[in-house]
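Below you'll find the structure, written out as C-alpha coordinates, and then a few comments.
The chain is numbered in sequence order, starting from 1.
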Amino acid sequence: MTKTDDLILFAQVVEHGSFSKVAELNSLTNSVVSKHIARLETELGVQLLYRTTRKLTLSEAGKVLYQGAKNVKQAATEAIDAVYGYGESMTGHIKMSVPTISGDLLLANSVAEFCRMHPGFTVDMSLKNSFVDLIEGGYDLVIRTAQLEDSNLIARHLIDSQWVICAAPSYIASAGIPVTPEDIVNHNCLQYAYQTTGASEWEFKGEHENYLIKVTGNFSTNNAGALRKAALGGNGLAYVPRCLVYQDFLKGDLIDIFPDQVGKKLGIYAVYPFTRQPPRKIRLLIEHIKQSYAAIAESF
(Lines give C-alpha, C1' and ligand atoms only; values in the text may rest on other atoms or scores of the structure.)
Protein backbone atom coordinates (compact mmCIF):
# COMPACT_ATOMS: atom_id res chain seq x y z
CA MET A 1 0.00 0.00 0.00
CA THR A 2 1.07 3.60 -0.68
CA LYS A 3 1.01 6.56 1.66
CA THR A 4 -2.25 7.57 0.00
CA ASP A 5 -3.72 4.20 0.98
CA ASP A 6 -2.50 4.76 4.55
CA LEU A 7 -4.23 8.15 4.67
CA ILE A 8 -7.48 6.67 3.31
CA LEU A 9 -7.37 3.88 5.90
CA PHE A 10 -6.68 6.44 8.63
CA ALA A 11 -9.69 8.53 7.54
CA GLN A 12 -11.87 5.40 7.55
CA VAL A 13 -10.69 4.41 11.04
CA VAL A 14 -11.59 7.87 12.35
CA GLU A 15 -15.01 7.83 10.67
CA HIS A 16 -15.94 4.27 11.69
CA GLY A 17 -14.22 4.40 15.09
CA SER A 18 -13.05 0.83 14.71
CA PHE A 19 -10.10 -1.05 13.22
CA SER A 20 -12.22 -4.16 12.73
CA LYS A 21 -14.94 -2.35 10.74
CA VAL A 22 -12.33 -0.82 8.44
CA ALA A 23 -10.62 -4.19 8.05
CA GLU A 24 -13.93 -5.78 7.06
CA LEU A 25 -14.74 -2.91 4.69
CA ASN A 26 -11.43 -3.37 2.82
CA SER A 27 -11.17 -7.18 3.10
CA LEU A 28 -8.10 -6.87 5.31
CA THR A 29 -7.16 -8.22 8.73
CA ASN A 30 -7.14 -6.06 11.85
CA SER A 31 -3.37 -6.44 12.11
CA VAL A 32 -2.83 -5.11 8.58
CA VAL A 33 -4.93 -2.01 9.27
CA SER A 34 -3.13 -1.46 12.58
CA LYS A 35 0.23 -1.88 10.85
CA HIS A 36 -0.49 0.83 8.30
CA ILE A 37 -1.70 3.29 10.94
CA ALA A 38 1.45 2.55 12.94
CA ARG A 39 3.55 3.18 9.81
CA LEU A 40 1.93 6.60 9.42
CA GLU A 41 2.71 7.42 13.06
CA THR A 42 6.32 6.30 12.65
CA GLU A 43 6.88 8.29 9.46
CA LEU A 44 5.33 11.43 10.95
CA GLY A 45 6.93 10.98 14.35
CA VAL A 46 3.68 11.60 16.23
CA GLN A 47 0.89 9.58 17.81
CA LEU A 48 -2.33 9.94 15.85
CA LEU A 49 -4.71 7.79 17.88
CA TYR A 50 -5.12 6.91 21.54
CA ARG A 51 -6.43 3.36 21.69
CA THR A 52 -8.31 1.75 24.59
CA THR A 53 -10.42 -1.40 24.71
CA ARG A 54 -13.57 0.71 24.37
CA LYS A 55 -12.80 3.49 21.91
CA LEU A 56 -10.35 5.34 19.71
CA THR A 57 -9.54 8.99 20.41
CA LEU A 58 -7.73 11.39 18.08
CA SER A 59 -4.64 13.20 19.29
CA GLU A 60 -4.16 16.84 18.35
CA ALA A 61 -1.87 15.77 15.52
CA GLY A 62 -4.46 13.20 14.48
CA LYS A 63 -7.16 15.85 14.25
CA VAL A 64 -4.97 17.93 11.95
CA LEU A 65 -4.06 14.97 9.75
CA TYR A 66 -7.68 13.82 9.50
CA GLN A 67 -8.72 17.10 7.85
CA GLY A 68 -6.35 16.39 4.98
CA ALA A 69 -6.85 12.61 4.97
CA LYS A 70 -10.60 12.86 4.47
CA ASN A 71 -10.00 15.13 1.44
CA VAL A 72 -7.63 12.51 -0.01
CA LYS A 73 -10.29 9.87 0.55
CA GLN A 74 -12.99 11.96 -1.13
CA ALA A 75 -10.74 12.83 -4.09
CA ALA A 76 -9.86 9.16 -4.61
CA THR A 77 -13.53 8.16 -4.53
CA GLU A 78 -14.48 10.86 -7.03
CA ALA A 79 -11.61 9.98 -9.36
CA ILE A 80 -12.60 6.31 -9.43
CA ASP A 81 -16.25 7.19 -10.04
CA ALA A 82 -15.26 9.50 -12.90
CA VAL A 83 -13.36 6.70 -14.64
CA TYR A 84 -15.74 3.77 -14.47
CA GLY A 85 -18.92 4.94 -12.79
CA TYR A 86 -20.69 5.97 -15.96
CA GLY A 87 -20.43 2.50 -17.41
CA GLU A 88 -22.56 0.99 -14.67
CA SER A 89 -26.32 0.96 -14.54
CA MET A 90 -27.84 3.29 -11.99
CA THR A 91 -31.36 4.08 -10.93
CA GLY A 92 -32.87 6.46 -8.43
CA HIS A 93 -34.26 9.96 -8.06
CA ILE A 94 -32.71 13.31 -7.14
CA LYS A 95 -34.56 16.49 -6.17
CA MET A 96 -32.40 19.52 -6.86
CA SER A 97 -32.55 23.32 -7.04
CA VAL A 98 -30.36 25.55 -9.24
CA PRO A 99 -30.05 29.31 -9.93
CA THR A 100 -31.96 30.57 -12.96
CA ILE A 101 -28.86 31.70 -14.88
CA SER A 102 -27.04 28.38 -14.49
CA GLY A 103 -30.23 26.47 -15.18
CA ASP A 104 -30.98 28.28 -18.43
CA LEU A 105 -27.37 28.45 -19.60
CA LEU A 106 -26.06 25.00 -18.81
CA LEU A 107 -27.67 22.81 -16.19
CA ALA A 108 -30.99 22.00 -17.86
CA ASN A 109 -29.15 20.30 -20.73
CA SER A 110 -26.37 18.85 -18.58
CA VAL A 111 -28.72 17.21 -16.08
CA ALA A 112 -31.10 15.97 -18.79
CA GLU A 113 -28.08 14.47 -20.57
CA PHE A 114 -27.09 12.69 -17.35
CA CYS A 115 -30.59 11.19 -17.11
CA ARG A 116 -30.35 10.01 -20.72
CA MET A 117 -27.00 8.35 -19.97
CA HIS A 118 -28.59 6.47 -17.07
CA PRO A 119 -32.00 5.01 -18.02
CA GLY A 120 -34.16 4.60 -14.95
CA PHE A 121 -32.59 7.63 -13.25
CA THR A 122 -34.83 10.68 -12.73
CA VAL A 123 -34.26 14.27 -11.61
CA ASP A 124 -36.71 16.94 -10.46
CA MET A 125 -34.87 20.26 -11.01
CA SER A 126 -36.38 23.57 -9.90
CA LEU A 127 -34.91 26.92 -10.96
CA LYS A 128 -34.81 29.32 -8.01
CA ASN A 129 -32.56 32.21 -7.07
CA SER A 130 -33.57 32.06 -3.40
CA PHE A 131 -31.50 30.03 -0.94
CA VAL A 132 -33.70 27.00 -0.40
CA ASP A 133 -33.49 24.96 2.81
CA LEU A 134 -32.09 21.61 1.75
CA ILE A 135 -33.33 19.72 4.77
CA GLU A 136 -36.84 21.19 5.06
CA GLY A 137 -37.33 21.21 1.30
CA GLY A 138 -36.17 17.63 0.92
CA TYR A 139 -33.48 18.53 -1.63
CA ASP A 140 -30.73 16.06 -2.41
CA LEU A 141 -28.56 18.58 -4.24
CA VAL A 142 -28.48 22.36 -4.70
CA ILE A 143 -26.25 24.53 -6.90
CA ARG A 144 -25.39 27.80 -5.14
CA THR A 145 -23.21 30.84 -5.73
CA ALA A 146 -21.99 31.39 -2.16
CA GLN A 147 -19.71 29.73 0.36
CA LEU A 148 -21.47 27.70 3.03
CA GLU A 149 -21.28 28.17 6.78
CA ASP A 150 -23.81 25.50 7.76
CA SER A 151 -21.86 22.54 9.16
CA ASN A 152 -24.69 20.19 8.19
CA LEU A 153 -23.98 20.86 4.51
CA ILE A 154 -21.09 19.94 2.23
CA ALA A 155 -20.08 22.29 -0.59
CA ARG A 156 -17.96 21.23 -3.56
CA HIS A 157 -16.50 24.01 -5.70
CA LEU A 158 -17.46 23.77 -9.38
CA ILE A 159 -16.24 27.01 -11.02
CA ASP A 160 -15.86 30.75 -10.36
CA SER A 161 -18.21 33.23 -12.01
CA GLN A 162 -16.73 36.62 -12.93
CA TRP A 163 -19.10 39.60 -13.14
CA VAL A 164 -18.87 42.30 -15.81
CA ILE A 165 -20.26 45.74 -16.62
CA CYS A 166 -21.56 45.97 -20.16
CA ALA A 167 -23.66 48.06 -22.53
CA ALA A 168 -24.95 47.95 -26.09
CA PRO A 169 -23.10 49.92 -28.80
CA SER A 170 -26.23 52.06 -29.24
CA TYR A 171 -26.13 53.16 -25.60
CA ILE A 172 -22.41 53.98 -25.81
CA ALA A 173 -23.03 55.98 -28.98
CA SER A 174 -25.65 58.13 -27.26
CA ALA A 175 -24.31 58.38 -23.70
CA GLY A 176 -20.58 57.88 -24.18
CA ILE A 177 -18.36 55.25 -22.62
CA PRO A 178 -17.25 55.54 -18.98
CA VAL A 179 -13.45 55.78 -18.83
CA THR A 180 -13.00 55.13 -15.11
CA PRO A 181 -15.21 53.23 -12.66
CA GLU A 182 -16.13 56.54 -11.01
CA ASP A 183 -17.68 57.68 -14.31
CA ILE A 184 -20.55 55.19 -13.99
CA VAL A 185 -22.31 57.49 -11.49
CA ASN A 186 -23.15 59.68 -14.49
CA HIS A 187 -24.78 56.81 -16.38
CA ASN A 188 -28.11 55.02 -16.27
CA CYS A 189 -27.27 51.81 -14.44
CA LEU A 190 -29.67 48.90 -14.93
CA GLN A 191 -29.80 47.04 -11.65
CA TYR A 192 -30.08 43.35 -10.81
CA ALA A 193 -32.15 43.20 -7.63
CA TYR A 194 -31.01 39.69 -6.68
CA GLN A 195 -27.61 40.54 -5.18
CA THR A 196 -26.25 39.98 -1.69
CA THR A 197 -24.14 43.17 -1.95
CA GLY A 198 -27.10 45.30 -3.05
CA ALA A 199 -28.35 46.13 -6.53
CA SER A 200 -26.98 49.67 -6.45
CA GLU A 201 -23.46 48.82 -5.18
CA TRP A 202 -21.08 47.72 -7.92
CA GLU A 203 -17.72 46.23 -6.95
CA PHE A 204 -14.33 47.13 -8.44
CA LYS A 205 -10.75 46.00 -7.88
CA GLY A 206 -8.63 48.41 -5.87
CA GLU A 207 -4.88 48.62 -5.40
CA HIS A 208 -5.07 46.97 -1.99
CA GLU A 209 -8.70 45.81 -1.69
CA ASN A 210 -11.96 45.90 -3.60
CA TYR A 211 -14.30 48.86 -3.25
CA LEU A 212 -17.95 49.65 -4.03
CA ILE A 213 -19.44 52.44 -6.10
CA LYS A 214 -23.07 53.38 -5.50
CA VAL A 215 -25.01 53.73 -8.77
CA THR A 216 -28.44 54.96 -9.81
CA GLY A 217 -30.76 54.08 -12.66
CA ASN A 218 -34.36 53.96 -13.83
CA PHE A 219 -34.76 50.17 -14.14
CA SER A 220 -34.20 47.19 -11.85
CA THR A 221 -35.30 43.57 -12.00
CA ASN A 222 -34.78 40.33 -10.11
CA ASN A 223 -34.47 38.41 -13.39
CA ALA A 224 -31.04 38.32 -15.04
CA GLY A 225 -32.49 37.47 -18.45
CA ALA A 226 -34.70 40.56 -18.35
CA LEU A 227 -31.70 42.68 -17.36
CA ARG A 228 -29.73 41.34 -20.33
CA LYS A 229 -32.58 42.22 -22.71
CA ALA A 230 -32.77 45.74 -21.29
CA ALA A 231 -29.04 46.15 -21.88
CA LEU A 232 -29.29 44.76 -25.41
CA GLY A 233 -31.98 47.37 -26.08
CA GLY A 234 -29.48 50.16 -25.42
CA ASN A 235 -31.09 51.31 -22.19
CA GLY A 236 -28.04 51.56 -19.93
CA LEU A 237 -25.12 49.82 -18.25
CA ALA A 238 -25.71 46.36 -16.78
CA TYR A 239 -23.79 44.57 -14.04
CA VAL A 240 -24.19 40.82 -14.60
CA PRO A 241 -22.34 37.47 -14.56
CA ARG A 242 -20.03 37.20 -17.57
CA CYS A 243 -21.46 33.83 -18.60
CA LEU A 244 -24.87 35.45 -19.15
CA VAL A 245 -23.56 37.83 -21.84
CA TYR A 246 -20.50 35.99 -23.18
CA GLN A 247 -22.14 35.17 -26.53
CA ASP A 248 -23.31 38.79 -26.81
CA PHE A 249 -19.68 39.91 -26.39
CA LEU A 250 -18.56 37.56 -29.16
CA LYS A 251 -21.23 38.89 -31.53
CA GLY A 252 -20.57 42.53 -30.61
CA ASP A 253 -24.14 43.05 -29.35
CA LEU A 254 -22.77 44.08 -25.95
CA ILE A 255 -19.44 45.69 -25.02
CA ASP A 256 -17.39 44.74 -21.95
CA ILE A 257 -16.73 48.17 -20.40
CA PHE A 258 -14.15 47.33 -17.71
CA PRO A 259 -12.76 43.87 -18.65
CA ASP A 260 -10.05 43.83 -15.96
CA GLN A 261 -11.45 46.07 -13.26
CA VAL A 262 -14.72 44.55 -12.03
CA GLY A 263 -14.10 42.99 -8.64
CA LYS A 264 -17.07 40.73 -8.15
CA LYS A 265 -16.38 37.02 -8.54
CA LEU A 266 -18.58 34.34 -7.00
CA GLY A 267 -17.84 30.67 -6.54
CA ILE A 268 -20.44 28.22 -7.84
CA TYR A 269 -20.86 25.23 -5.55
CA ALA A 270 -22.66 21.91 -5.50
CA VAL A 271 -24.21 21.59 -2.04
CA TYR A 272 -25.67 18.51 -0.39
CA PRO A 273 -26.57 17.43 3.15
CA PHE A 274 -23.70 16.11 5.24
CA THR A 275 -23.23 12.35 5.20
CA ARG A 276 -20.10 10.36 5.84
CA GLN A 277 -20.48 8.74 2.44
CA PRO A 278 -22.71 10.69 0.02
CA PRO A 279 -24.82 8.51 -2.30
CA ARG A 280 -23.02 7.44 -5.45
CA LYS A 281 -25.73 9.00 -7.61
CA ILE A 282 -25.02 12.41 -6.03
CA ARG A 283 -21.26 12.10 -6.55
CA LEU A 284 -21.64 11.08 -10.18
CA LEU A 285 -24.12 13.84 -10.99
CA ILE A 286 -21.85 16.45 -9.39
CA GLU A 287 -18.89 15.16 -11.41
CA HIS A 288 -20.95 15.35 -14.60
CA ILE A 289 -22.03 18.92 -13.81
CA LYS A 290 -18.44 19.94 -12.99
CA GLN A 291 -17.26 18.59 -16.36
CA SER A 292 -20.08 20.47 -18.10
CA TYR A 293 -18.93 23.73 -16.49
CA ALA A 294 -15.32 22.98 -17.43
CA ALA A 295 -16.33 22.53 -21.09
CA ILE A 296 -17.47 26.16 -21.27
CA ALA A 297 -15.02 27.62 -18.73
CA GLU A 298 -13.96 30.40 -21.12
CA SER A 299 -17.41 31.99 -20.76
CA PHE A 300 -16.99 32.40 -17.01
With a 6.0 Å cut-off (strictly less than), is the heavy-atom count around [atom1] of [X], excluding the residue itself, greater than 12?
X    : atom1 : result
K265 : NZ    : no
E298 : CD    : yes
E113 : CD    : yes
K21  : NZ    : no

For this session: Examine the side chains of S102 and Y293 and answer whether a donor and an acceptor come within less than 3.5 Å of each other.
Result: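 Looking only at side-chain atoms, Y293 and S102 do form a donor-acceptor pair, the distance falling under 3.5 Å.
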
For this session: For the residue pair N188 and N235, confirm or rule out a side-chain donor-acceptor distance under 3.5 Å.
Result: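 On atom types as modelled, these side chains do not qualify, holding no pair under 3.5 Å.
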
When the side chains of residues 60-68 are checked against the rest of the protein, which donor-acceptor pairs come out under 3.5 Å, sequence neighbours left out?
from, atom 1, to, atom 2, distance (Å)
E60, OE2, K63, NZ, 3.4
Y66, OH, E15, OE2, 3.1
Q67, OE1, K70, NZ, 3.4

Contact between [X] and [Y] at the side-chain level, heavy atoms closer than 4.5 Å - yes or no?
X    : Y    : result
E287 : R283 : no
I286 : L158 : yes
I255 : P169 : yes
K281 : I94  : yes
V185 : T216 : no
V240 : V164 : yes
V142 : V98  : no
L134 : R144 : yes

What is the distance from atom [atom1] of [X] to atom [atom2] of [Y], rounded to the nearest 0.5 Å?
X    : Y    : atom1 : atom2 : result
L232 : K251 : CG    : NZ    : 8.0 Å
N222 : Q191 : CG    : CD    : 13.0 Å
Y50  : L58  : OH    : CG    : 10.0 Å
C243 : W163 : SG    : CH2   : 9.5 Å
F300 : S161 : CZ    : OG    : 6.0 Å
E41  : D6   : CD    : CG    : 11.0 Å

If you compare all heavy atoms of [X] against all heavy atoms of [Y], which two are closest, and at what distance to 0.1 Å?
X    : Y    : result
I101 : Y192 : CD1-OH, 4.3 Å
W202 : A238 : CH2-C, 4.2 Å
V262 : Y239 : CG1-CE1, 3.8 Å
I184 : C189 : O-SG, 3.5 Å
A224 : L244 : O-CD2, 3.5 Å
R156 : K290 : NH2-CD, 3.3 Å

Could you tell me whether the side chain of [X] and the main chain of [Y] form a donor-acceptor pair under 3.5 Å?
X    : Y    : value
Q162 : K264 : yes
S110 : L106 : no
S59  : L48  : yes
T42  : A38  : yes

Problem set entry | Given D248, N223, T221, the one that forms side-chain hydrogen bond (donor to acceptor under 3.5 Å, both in side chains) with R228 |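 When side-chain hydrogen bond (donor to acceptor under 3.5 Å, both in side chains) is applied between R228 and each of D248, N223, T221, only D248 qualifies.
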
Problem set entry | Pair V13-F19, side-chain contact (heavy atoms from CB on, under 4.5 Å): steps then yes or no | CA-CA 6 Å; V13 168; F19 277 66; 3.9 Å; yes

For this session: Find out if a path of hydrophobic residues (ILVMFWY) with successive side-chain heavy-atom gaps under 4.5 Å connects L266 to Y246.
Result: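 Looking at the clustering, Y246 is in a separate group from L266.
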
For this session: Assess whether side-chain contact (heavy atoms from CB on, under 4.5 Å) is satisfied between D160 and I268, documenting all intermediate values.
Result: CA-CA 6 Å; D160 286 324; I268 299 177; over 6 Å; no

Exercise. Which is it for C166 and D256 under the side-chain contact (heavy atoms from CB on, under 4.5 Å) test, yes or no, and what are the steps along the way?
Worked result: CA-CA 5 Å; C166 59; D256 190 350; 5.6 Å; no

For this session: Decide yes or no on side-chain contact (heavy atoms from CB on, under 4.5 Å) for I289 and M96, but give the supporting numbers first.
Result: CA-CA 13 Å; I289 289 172; M96 63 185 297; 4.1 Å; yes

Under 3.5 Å, side-chain donor or acceptor atoms of residues 206-215 against the rest of the protein: list the pairs with distances, not counting sequence neighbours.
from, atom 1, to, atom 2, distance (Å)
N210, ND2, E203, OE2, 2.8
N210, ND2, G263, O, 3.3
K214, NZ, S200, OG, 3.1

For this session: Quickly, which of L105, I143, D104, L127 forms a side-chain contact (heavy atoms from CB on, under 4.5 Å) with P99? Name it, please.
Result: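 Going through L105, I143, D104, L127 one by one, the side-chain contact (heavy atoms from CB on, under 4.5 Å) with P99 is satisfied by I143 alone.
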
For this session: Answer yes if the ring centres of F121 and F114 are under 6.0 angstrom apart, and no otherwise.
Result: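 F121 vs F114: aromatic centres under 6.0 Å.
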
For this session: Step by step, work out the ring-ring contact (aromatic ring centres under 6.0 Å, His included) result for Y171 and H187.
Result: CA-CA 10 Å; Y171 176 79; H187 285 262; 5.8 Å; yes

